[in-house]
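Encoded as structure tokens, the structure appears first; notes follow it.
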Amino acid sequence: MIYDVIILGGGPAGLGAAVYSARFKLNSLLIAKQIGGLLNEAHMVENWLGVKHAKGQELIKQFEEHVKALKVPIKKEEVVSLKKKKNIFEVGTNKGKYQSKTIILALGTIKRKLNVPGEDKYIGKGVSYCYICDAAFFKNKIVAVIGGNDSAVVAALQLAEHAKQVYIIYRKDEIRAEPILKHKLAKNKKIKIITNTEITHIQGNNFVEKVIFNNGKEFKLDGIFIEIGSVPSVDLAKELNIKIDQNEQIIVDKAQKTNIDGVFAAGDMTDSIMKQAITAAAEGSIAAMSAYRLIKG
Ligand code: NDP
């Protein structure tokens with residue numbers, strides 16, 4: 001069978017694309033290793049229209065139920081290859097091969113690493129990239145969050161509910177998160193900010209015990225949460241020679257079109273100026289409309 005559209009990715013962008021593909025009556029398939037993407041890691045979402053507060057995982061459950069109600073099939077498989085043969089795309093997964101007339105790439109991003117000595121050694125032993133998963137293990141401990149934008153601040157606020165003391169360690173002189181988050185940060189007495197500082201080493205014995213700063217000073221702590229952004233998952237896009245910018249983001253136009261006919265992209269992996277669940281879902285819906293227009297003329 002040749003689908004009208006195969007959507008790769010199960011975050012807000014992919015699920016938004018699936019809802020609109022169904023509404024455009026496209027014969028669609030969504031393939032994702034895991035449903036939810038980074039939204040799974042959002043402790044509390046307060047900027048989804050019409051929902052004042054919801055856990056990221058609760059929102060995702062509703063998105064998935066919506067897609068299932070519209071009867072878009074979802075395959076929880078890992079995509080390993082993407083090829084274009086004549087005008088048909090072939091998606092290879094760990095379980096099979098699927099063909100389509102168009103593709104919507106919505107693969108999101110993967111967390112950026114600090115790349116300092118000790119980081120890999122202490123993953124799961126004090127180094128974490130997921131405060132939602134690990135915050136509770138640091139009850140009454142001293143932890144640091146590395147980073148200086150929204151993710152770092154959200155992580156610090158959540159960690160402060162468990163830890164004795166939370167530090168945000170930022171390489172520049174002023175945190176650049178959303179004003180509403182900065183306001184919450186300023187009010188939280190458990191969080192201290194260390195600016196103009198980078199970490200050069202993570203050290204310990206069985207577990208993390210300290211970090212070394214770029215000024216040579218040692219800093220004792222029990223846990224480090226790395227929230228320094230993420231990098232788009234563009235390996236598959238590169239297989240199709242899709243144009244990416246200097247930040248490895250897929251270049252799209254207002255219709256979410258890439259430089260390759262029949263390939264659209266949406267969400268955090270694109271060069272869009274705002275990376276939010278609500279904008280990702282909107283971009284997914286635009287991508288579905290563009291796929292529809294291409295197929296149905
Ligand atoms: P960003 O890429 O926006 O920020 C990464 C932060 O980490 C920056 O402060 C950056 O420093 C710092 N950084 C990057 N690399 C290094 C490094 N090697 N060493 C030390 N520090 C480093 O990522 P976020 O995950 O914070 O946000 C991603 C997107 O998601 C943004 O668009 C954000 O607005 C959105 N978001 C929104 C939330 C919300 O509640 N509204 C919550 C979480 C994310 P520098 O400032 O010097 O570049």
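Quick caveat, the model's predicted, so the values are computed rather than measured. Remember, it's 1-based here, ligands and their atoms both numbered in the order they're listed.
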The single option from His183, Lys189, Lys184 that satisfies side-chain contact (heavy atoms from CB on, under 4.5 Å) with Lys187 is His183
Please tabulate, line by line, the atom pairs linking an N/O of ligand 1 to a protein N/O at a distance below 3.5 Å, with the distance in Å to 0.1, or answer 'none'.
| unit_1 | atom_1 | unit_2 | atom_2 | d |
| --- | --- | --- | --- | --- |
| ligand 1 | 3 (O) | Asn149 | ND2 | 2.7 |
| ligand 1 | 9 (O) | Gly148 | N | 3.0 |
| ligand 1 | 9 (O) | Asn149 | N | 3.4 |
| ligand 1 | 11 (O) | Arg171 | NE | 3.2 |
| ligand 1 | 11 (O) | Arg171 | NH2 | 3.4 |
| ligand 1 | 25 (O) | Ser151 | OG | 2.5 |
| ligand 1 | 26 (O) | Ser151 | N | 3.0 |
| ligand 1 | 26 (O) | Ser151 | OG | 3.2 |
| ligand 1 | 30 (O) | Lys275 | O | 3.4 |
| ligand 1 | 34 (O) | Asp150 | OD2 | 2.5 |
| ligand 1 | 41 (N) | Asn47 | ND2 | 3.4 |
| ligand 1 | 41 (N) | Glu178 | OE2 | 3.1 |
| ligand 1 | 41 (N) | Gln276 | OE1 | 3.4 |
| ligand 1 | 46 (O) | Tyr170 | OH | 2.4 |
| ligand 1 | 46 (O) | Arg176 | NE | 2.7 |
| ligand 1 | 46 (O) | Arg176 | NH2 | 3.3 |
| ligand 1 | 47 (O) | Arg171 | NE | 2.9 |
| ligand 1 | 47 (O) | Arg171 | NH2 | 3.4 |
| ligand 1 | 47 (O) | Lys172 | NZ | 2.7 |
| ligand 1 | 48 (O) | Arg171 | NH2 | 3.3 |
| ligand 1 | 48 (O) | Arg176 | NH2 | 3.2 |

Should the ring pair Phe219 and Tyr167 be called parallel, tilted or perpendicular, given that the plane angle runs from 0 to 90° and is split at 30 and 60?
perpendicular
Hey, is the main chain of Val80 close enough, under 3.5 Å, to the side chain of Asn94 for a donor-acceptor pair?
no
Is a side-chain N or O of Gln165 found less than 3.5 angstrom from the main chain of Lys190, in a donor-acceptor match?
yes
Taking NZ in Lys141 as the centre, count heavy atoms belonging to other residues, nucleotides or ligands within less than 6.0 Å. Is the count above 12?
no
Take atom OH of Tyr20 as the centre, draw a 6.0 Å sphere, and report whether it contains more than 12 heavy atoms from other residues, nucleotides or ligands.
no
